[in-house]
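Convention: sequence-line order gives letters A, B, ...; per-chain numbering from 1.
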Amino acid sequence: MRDEEKTEAEQLTLEQAIANLKQKEDLGDRYYAAWWLGKFRITEPEAIATLLEALEDEQDRAPDGGYPLRRNAARALGKLGDKSAVEPLSRCLEFPDYYVREAAAQALEMLQDQRCIPALTKLLDGGVAAAIRVPGKPHLVQPYEAIIEALGTLGAKEATSLIEPFTEHSTEKVKYAAARAMYQLTRENKYGEMLIKALSGDDLQLRRSALMDLGAVGYLHAGQAIADTLAENSMKLIALKGLLETDLGNNNTEVPTISTESIKIMNLMDSLL
Amino acid sequence: MPDVQRLIQAVNQADSADLLLETVEDLSEAGDIVAIPTLVEVLGFNNPGAAVAAVDGLIKIGEPVIPYLLENLDGYNYGARAWATRVFAGIGDPAALDLLLEAAVTDFSQSVRRAAAKGLGSIIWSKLPIEDVAAAQQQVLKTLILATEDGEWVVRYAAIVGLEALGDTLATVQPELLSEIMTRFQELIASEPEAAICARIKYAINQLQLEQ
């Protein structure tokens, strides 16, 4: 966030933000208001209604033909947790703008509503063979990473056989998103081990994202590998906390004793502080 | 050229992240005070792997590092400050006590507050004049209890670890402070929203009860 935005963020009020989003003259103000409503978790019905309108906006167009306001509105709706956005966001998945589809898939993952599973699954049509780069663009034909992560988080077991082949996709991010989702859907160790392998890769970004994935899915065998990863301790601590929470969840919380596994994870955490 | 100079030169000439890590590991291994300035410089490179190795090397050298590091703390690079705080924590020299006390509750970077909170628990009290120990321990206790209210979970977690370690050293010197820690732990178990931290508190209570 730029400095002037920070100042503006302090100044905007709920009423102003909604008014800014409704008006059609200043596109910058509209774009910013959509972001603001999500950022500050404004769940007022009027905010939701206005964001849903913005999801169908035709006015704000980027030079590449994209729809910046729709993207921002979709992201905000994901953060606000209102289920009335599930169907409109599912329709966004058919929209020509790649980044609107990506924002919608990410938002649907956050909304945790299984109704969107068929629409998400449909975007995997054609499988890995169809999942190629769009000529002249920095992305594939679909936002596969976001789609597959959403399906994994939503527990879409019916999509398992569609997602599995993506664990061999040539784009690393897609490959690891598929490994993460497959682990969530099947709890098979081989997918957790794929993520562990990513921890020793050459690309720091990928190592970081594998840390977050392992923490999020709580793959308990990853503890030592997480601690040994060449990455910031703060990220490793978050990942290990994810493991610890998983282990605590597996055990009866009423019992005052702590499992050996939990103690092992805590010792690793202590060493990273 | 002496061996350590050659190792320092290798660090300075490293032109990739991997090579930097490798050369810093070698230099750290040497554990020579001549390496201090180079290792401290590495803390500011934004290369987590190399920084971990440099921290290990500096801790290995120990006490002679403290005055140099206090002099050369980079106030503007919070990554470097967090690594330096880990060095102070690892060495446990009371010369860094004031710095850790302040950093644990006032530094704007959560990584620094986290490292300081842990470090406060591992001060080597025998290095302090005996008549100063009781007051210093009370100050550490006060600061760590304050840190258990930090807005960031990781700092609260580190404060628990710090309190457990402090409790360990208090059992013989000031048992009444130990019971203060235990009371605070019981309060926190009831109020702490993070399950991971509650688990760490329970573990700390178990450990301290074993000591008694």
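- The environment of B/K60 atom NZ is dense: over 12 non-hydrogen atoms of other residues, nucleotides or ligands sit within 6.0 angstrom.
- Within 6.0 Å of the NZ atom in B/K142, the count of heavy atoms belonging to other residues, nucleotides or ligands does not exceed 12.
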Practice task
Report the C-alpha separation of B/V161 and A/M269 in whole Å, then their side-chain angles, then the decisive distance to 0.1 Å, and conclude whether the side-chain contact (heavy atoms from CB on, under 4.5 Å) test is met.
Solution key: CA-CA 10 Å; B/V161 174; A/M269 289 175 77; over 6 Å; no

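- Heavy-atom distances place the side chain of A/N267, and not its backbone, under 4.5 Å from chain B.
- At a 4.5 Å heavy-atom cutoff, A/S262 makes no contact with chain B through either its backbone or its side chain.
- Salt bridge status for A/D270 with B/K118: absent, with no side-chain N to carboxylate O gap under 4.0 Å.
- With a 4.5 angstrom heavy-atom cutoff, A/N233 touches chain B via backbone and side-chain atoms both.
- Heavy atoms of other residues, nucleotides or ligands lying less than 6.0 angstrom from CD of A/E188 number more than 12.
- With chain B as partner, the option from A/I265, A/L272, A/L204 having the largest number of non-hydrogen pairs under 4.5 angstrom is A/L272.
- The backbone N or O of A/I258 lies less than 3.5 Å from no partner atom in the side chain of B/K202, so there is not a single donor-acceptor pair.
- Looking at B/I160, neither its backbone nor its side chain comes within 4.5 Å of chain A, counting heavy atoms on both sides.
- Open room surrounds CD on A/E168; 12 or fewer heavy atoms of other groups in view lie less than 6.0 Å from it.
- Environment of CZ in B/F45: crowded, with over 12 heavy atoms of neighbouring residues, nucleotides or ligands closer than 6.0 Å.
- Using a 4.5 Å cut-off between heavy atoms, A/I238 contacts chain B through both its backbone and its side chain.
- Counting heavy-atom pairs under 4.5 Å between each of B/A158, B/A196, B/G49 and chain A puts B/A196 at the top.
- Surrounding CD of A/Q112 are more than 12 heavy atoms belonging to other residues, nucleotides or ligands, all under 6.0 Å away.
- The distance from atom OH of B/Y157 to atom CG of A/L237, rounded to the nearest 0.5 Å, is 8.0 Å.
- Only the backbone of A/S271 comes within contact range of chain B, judged by heavy atoms closer than 4.5 Å.
- The environment of CD in B/E29 is sparse: at most 12 heavy-atom neighbours from other residues, nucleotides or ligands sit within 6.0 Å.
- Residue contact with chain A, scored on non-hydrogen atoms closer than 4.5 Å, involves the side chain of B/R86 exclusively.
- When heavy atoms are compared at a cutoff of 4.5 Å, B/E194 approaches chain A solely by way of its side chain, counted from C-beta outward.
- At a threshold of 4.5 Å between non-hydrogen side-chain atoms, the residues A/S234 and B/R114 count as touching.
- For a residue to count as touching a neighbouring chain, one of its non-hydrogen atoms must lie under 4.5 Å from one of that chain's; by this rule A/E232 touches chain B with backbone and side chain alike.
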